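Working notes, beginning with the structure itself.
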Amino acid sequence: MTDTLARPVETRELNRVVVRFAGDSGDGMQLTGDRFTSASALFGNDLATLPEFPAEIRAPQGTVAGVSSFQVQVSDHDVTTPGDAPNVLVAMNPAALRKELSQLEVGGTVIVNHDTFVERNLTKAGYESDPLEDGTLDNYTLFKVPMTTITKEVCKDLGVKPRDAERSKNFFALGLVSWLYNRPAEPTLNWIDAKFNRQELVAGANTAAFKAGFAFGETAELFDFTYEVRPASLEPGTYTNINGNTALSWGLVAASQQAKVPLFLGSYPITPASDILHELSQRKNFGVRTLQAEDEIAAVCAALGASFGGNLGVTTTSGPGVALKGESISLAVSLELPLLVINIQRGGPSTGLPTKTEGADLMQAMYGRHGESPVPIVAAYSPAQCFFAAIEAARIALKYRTPVILLSDGYLANGSEPWRLPDVATLPDLTVEFASQPNHTNEDGKEVFWPYLRHPETMARPWAIPGTPGLTHRIGGIEKEDGSGNINYEPANHSYMVNLRHDRIAHIVNDIPPTMLEGDVENADLLIVGWGSTWGAITSAMIRARQEGRKVAHAHLTHLNPLHKDLGDILRRYPKVLVPEMNLGQLSRILRAEFLVDAKSVSKVEGSPFTSGELYRHIIGALDD
């Protein structure tokens, strides 16, 4: 008779662990990783995640092209990346093992669904022999677990069909890993009850599978230890686990509320920006209006029309969509209306790598329109900070009556971290003052409204809602005369207006925060300059180098046009400047042109973010050069 009583297992304490779940795109790996992350967040750990999706909508099942994965670093201290190399790989099939094994640290733990390692699946994954038996995993600790068989068995008495029961095997894996790392079970069980409360069989199967995985760890006698990562010391407050797209969406809602103007989103679905449309479509209680347009051009035109009507107009997309929106963004420059263009960057060109991250749209944001059409550019740098980046972009757009491009990327959009909810009282007041009366007296003494008379400090023109009595006015894309807004083709007027539009945007430099600067600020031998999602890896690599006695500073740019007012002085202070980017050196070229500094570029265009180890090696190499 089999002994099913739990045996005593020693618990070892870790300060961090990196777990990677991988399987077929239909295996529920994103859900599994998300639930493990949520349980860890509720436990009080600091964490960072990296979901990765296959590019094909439905690659052939069991093939390497169809592998979906989710990596999370859980720690008892502050972390800024999802970890360089996982300590644990959970592989649900041979394709997942083949694709992800190279990511695992040597000596790491591999937990496989043994039931899937049959000849047919091995062949589809490209294996000529069974990697569980041929020595492929000799440098790792391997645990072979019959996840599918046990899941079907525990669901049998519930009346769940075997094919339906098999879909719950991801919850078996989640239960096993939750037991192994002492994650609380209650958050997951409560989530199952809430999520599937109208699907009794689904809820029962997932619950049974999760409990079976948990019990398997206790009773199977495969594991000599369990592990615990204690809660991190976080600043007191109310926390939630949030990804970048959700944080950005909430930031837009907060900006709308702080400005006391309605929020309108015109969007066309595109990976990885679509989640913002999904999230905002659920926020009608805040007066948010969303339109899923027929194409990218219609989406931005609708948003611009909403701004003309007194809304905070927003359009969301990725790089290919920004290209299509270019003419309408130029029109917004001419109209001088607030408009937020949010670009969640992905690998390009063209369709490129739709589910992979990249930061190669900076030059597009700077110059991707016809004529001299400058716009401010704001860049988010962490999933939670996307909230504040959205508010800052909205502040500039509303105050200076200009389109603003907000850059995020796929890594920030899908990655998550704990976020302390801010006190609403600390958010900036974005209240807008609409024009309400005529502002100019004609030569005949008549009071009229001129749409291009400017505020003496901001150089912004008045924002008049159509239909306001006495404020009839004309705006458009043909060159205008400053003040009256009359069409004017004269060479001197065009030159004046081109320079005025340039100076308006350049003037914003006086209203943005100083450059973020950390590390050995006063005496560093090397300055690392970053923007966007490189922040986490740069920060982690810099800390490692400084712990070894190296003198390193880090400047991170949140405003890319105009650049921070103090940036030139900062760059000239240090003997060496290194610029890591997920492109071929776009920011480094801008810094060289603007400040005549020898900014060395470090590029990565592999569809995945920098690791801290990669950047650490570049830092040491630059210092020793």
Side-chain angles (χ1 to χ4, degrees), residues 11 13-19 33-50 72-83 178 181-191 194 227-255 257-258 279 283 286 380-392 394-395 412 414-430 513-514 516-519 521 533 535-540 542-543 546-547 554 556 558 612:
T11 297
E13 192 170 310
L14 304 173
N15 62 8
R16 55 177 284 279
V17 67
V18 180
V19 181
D34 181 69
R35 289 299 93 206
F36 184 81
T37 298
S38 294
S40 299
L42 288 170
F43 186 69
N45 298 121
D46 196 20
L47 55 88
T49 69
L50 177 63
V72 55
Q73 177 170 205
V74 176
S75 79
D76 64 2
H77 57 279
D78 183 41
V79 293
T80 59
T81 75
S178 296
Y181 287 96
N182 281 277
R183 301 294 88 186
E186 290 75 15
T188 300
L189 295 174
N190 292 339
W191 181 88
Y227 303 91
E228 181 175 5
V229 182
R230 293 192 175 277
S233 298
L234 301 175
E235 188 177 352
T238 301
Y239 283 80
T240 186
N241 187 47
I242 199 166
N243 66 37
N245 274 353
T246 300
L248 198 154
S249 301
W250 292 3
L252 294 174
V253 174
Q257 295 295 302
Q258 293 299 104
E279 176 65 26
R283 302 303 165 199
F286 288 107
Y381 63 81
S382 78
Q385 194 268 338
C386 286
F387 174 86
F388 300 101
I391 293 176
E392 174 65 358
R395 182 189 72 85
L412 297 182
N414 297 311
S416 63
E417 62 182 338
W419 178 49
R420 186 170 67 92
L421 299 179
D423 184 349
V424 173
T426 66
L427 300 180
D429 181 4
L430 306 184
M516 292 173 54
L517 192 59
E518 58 183 350
V521 174
S533 64
W535 173 80
I538 293 174
T539 300
S540 181
M542 179 194 68
I543 291 172
R546 293 182 68 216
Q547 287 173 342
H554 172 204
H556 209 77
T558 55
S612 59

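Since the structure is predicted, the reported quantities are computational estimates derived from the model, not experimental observations.
The CG atom of L14 sits 10.0 Å away from the CG atom of N182 when rounded to the nearest 0.5 Å. To the nearest 0.5 Å, the span separating CD on Q73 from CG on D46 amounts to 8.5 Å. To the nearest 0.5 Å, atom CZ of residue R183 and atom CD of residue E228 are 7.5 Å apart. One finds the CD1 atom of I538 at 12.0 Å from the CD1 atom of I543 (value rounded to the nearest 0.5 Å). W191 CH2 to L42 CG: the interatomic distance, rounded to the nearest 0.5 Å, is 13.5 Å. To the nearest 0.5 angstrom, Q257 atom CD is 11.0 Å from I391 atom CD1.
Here the closest heavy-atom approach between residue V18 and residue G83 is recorded as CG2-CA, 4.1 Å. Pairing each heavy atom of A390 with each of L248, the nearest pair is CB-O, 3.7 Å. The two residues A255 and A394 come nearest to each other via the heavy atoms CB-CB, 3.5 Å. Heavy atoms only, all atoms of each residue included: V74 and S40 are closest at CG2-OG, 3.7 Å. The shortest heavy-atom contact between E417 and Q385 is OE2-N, 4.3 Å. Contact between C386 and G244 at its shortest, heavy atoms only, is CB-O, 3.5 Å.
Between the side chains of T558 and E392, not a single donor N or O lies within less than 3.5 Å of an accepting N or O. Donor-acceptor pairing under 3.5 Å is recorded for the side chains of T246 and N243. Side-chain N/O atoms of T80 and S540 include no donor and acceptor closer than 3.5 Å.
Relative ring orientation between W419 and W250 is described as tilted, the plane-to-plane angle lying within the 30° to 60° band. Between W535 and Y381, the ring planes lie tilted relative to each other; the angle falls in the 30° to 60° range.
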Verdict with supporting geometry, H556 and T539, side chain to side chain contact (heavy atoms under 4.5 Å, CB included): CA-CA 10 Å; H556 209 77; T539 300; over 6 Å; no

CA sep, side-chain torsions, deciding dist, call: T37, S416, side chain to side chain contact (heavy atoms under 4.5 Å, CB included): CA-CA 9 Å; T37 298; S416 63; 4.1 Å; yes

Side chain to side chain contact (heavy atoms under 4.5 Å, CB included) between F387 and L427, worked out: CA-CA 11 Å; F387 174 86; L427 300 180; 4.0 Å; yes

Test side chain to side chain contact (heavy atoms under 4.5 Å, CB included) applied to F36 and V72, step by step: CA-CA 9 Å; F36 184 81; V72 55; 3.8 Å; yes

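When atom types are taken as modelled, the side chain of N15 and the backbone of V229 share no donor-acceptor pair closer than 3.5 angstrom. Of the possible polar contacts, one joining the Q258 side chain to the P428 backbone as a donor-acceptor pair under 3.5 Å is found. Put simply, the side chain of E279 never gets that close to the backbone of N245: no donor and acceptor are under 3.5 Å apart.
Two residues are said to be in side-chain contact when any heavy atoms from C-beta on lie closer than 4.5 Å; V17 and Y181 meet this criterion. Within the 4.5 Å cutoff, no side-chain heavy atoms of R283 are placed close to those of L252.
Residues satisfying the side chain to side chain donor-acceptor pair (under 3.5 Å) test with T81, not counting sequence neighbours, are none.
Within 6.0 Å of the CZ atom in R16, the count of heavy atoms belonging to other residues, nucleotides or ligands exceeds 12.
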Report all side-chain donor-acceptor pairs from residues 231-241 shorter than 3.5 Å, counting only partners two or more places apart or in another chain.
residue, atom, partner, partner atom, Å
E235, OE2, R420, NH2, 3.1
Y239, OH, E235, N, 3.2
Y239, OH, E235, O, 2.5

